[in-house]
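Let me begin by presenting the structure, written as structure tokens, before commenting on it.
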Amino acid sequence: MAIHTADLLDYLDGLLAPGQFKDYAPNGLQVEGTGTVSHLVAGVTASQALIDAAIERNADALLVHHGYFWRNESSPLVGIKKNRIKALLAHDINLIAYHLPLDCHEQLGNNAQLGQLMGWQSDAHMQSSGVTGLGLCATLQQACSGQQIQQQLSHVLGREALHIDASGTVIKRIGWCTGGAQGMIEQAVELGLDAYVSGEISESTVHIARENGIHYFAAGHHATERYGAKALAAHLQQALDITCEFVDIDSPA
Ligand SMILES: [Zn+2]
């Protein structure tokens, strides 16, 4: 089956409601390709390796969480940016990107998916720069130690999670926000959480965690954000009857 690209974009906008977000990059179609889509490749970041994988698979569309044209990035199409866009245009591949809408979607979003994988039933939202749902909180069914969460995260995500230990704090209430949301640890402290999980870590995160007695886990930006694009691809295949596949280009970051 195939779908008009315009219809695919309408469907995605209806599902992910990008109008509700003030984002750092354009959501939706970023580079225009062919007018119909029968094969879609989804991935985390529109890197050259992912574009090459899409070309190899004869994809009509590439759907990602991290696309292009970020606020504050330099505009000229030179260097790797030229190479990437040239490859997309030469192969008539539509580049479609959803950033915050794909973090926050209640079922398919990165945060919802990470919660599902870890068995955390979210019952409250966190908030960042006015965006509700950019992080989630849950009460664990069984109180855990920091080591237990570290091991579970590492096992589930296939990547060793970095743990800043708040020894003595038993984890009952946990919060998480995928990607580079280590700055939200201060909100986690305000919310009285015992532990907070994100993808990355800054130097200051260590001290904020230690001095507030909150466990912090940096589980990987890429590793925590694999699951939104993957879930969305599976959803689109079902809903639109087109071939969708998730391609993971691993990244240690
Ligand atoms: Zn991200």
Side-chain angles (χ1 to χ4, degrees), residues 12 15-18 20-31 41-51 53-54 62-73 80-81 84 95-118 120 122 125-136 153 156-162 175-188 196-202 205 216-233 235 246-253:
L12 284 165
L15 183 69
L16 299 170
Q20 292 177 13
F21 299 88
K22 254 192 158 174
D23 215 327
Y24 318 98
N27 285 304
L29 186 62
Q30 291 194 337
V31 178
V41 163
V44 179
T45 300
S47 61
Q48 189 68 51
L50 185 63
I51 294 167
L62 180 58
L63 176 61
V64 295
H65 179 52
H66 300 140
Y68 304 151
F69 314 119
W70 298 91
R71 198 195 289 159
N72 301 329
E73 95 177 17
I80 64 168
K81 199 167 173 180
R84 290 167 167 188
L95 177 67
I96 304 168
Y98 286 90
H99 181 236
L100 295 180
L102 192 52
D103 284 317
C104 298
H105 189 272
E106 295 279 343
Q107 282 94 42
L108 306 171
N110 286 319
N111 287 305
Q113 288 291 316
L114 179 62
Q116 244 180 58
L117 279 168
M118 292 295 292
W120 300 333
S122 67
H125 287 127
M126 294 178 79
Q127 216 169 49
S128 174
S129 28
V131 181
T132 301
L134 203 50
L136 298 170
L153 276 168
V156 165
L157 300 178
R159 176 196 189 279
E160 194 66 17
L162 180 68
W176 66 98
C177 187
T178 62
Q182 62 268 44
M184 282 168 66
I185 189 172
E186 291 184 282
Q187 190 187 142
Y196 176 64
V197 180
S198 187
E200 299 188 19
I201 189 161
S202 302
T205 322
Y216 182 70
F217 302 90
H221 191 136
H222 177 88
T224 56
E225 297 204 319
R226 260 187 221 123
Y227 302 97
K230 193 176 183 182
L232 182 55
H235 172 89
F246 175 77
V247 176
D248 190 32
I249 306 290
D250 198 28
S251 158

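When a ligand or atom number is given, it counts from 1 through the structure's own listing order. These numbers come from a predicted model, not from an experiment.
- Atom OE1 is the N/O/S atom of E225 found closest to the Zn ion (ligand 1).
- Side chains of L50 and V44 form no contact here, defined as non-hydrogen atoms less than 4.5 Å apart.
- Here the shortest heavy-atom pairing between Q113 and Q107 reads NE2-O, 2.8 Å.
- Side-chain atoms of S251 come within 3.5 Å of backbone atoms of A253 as a donor-acceptor pair (strictly under, hydrogens ignored).
- Rounding to 10 degrees, one finds that the Zn ion (ligand 1) sits at the corner of an angle of 100° between H66 NE2 and H221 NE2.
- Residue H65 does not count as close to the Zn ion (ligand 1), with no N, O or S atom under 2.8 Å.
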| request: Check step by step if ring pair (Phe, Tyr, Trp, His ring centres under 6.0 Å) holds for H66 and H222. | output: CA-CA 10 Å; H66 300 140; H222 177 88; 8.5 Å; no
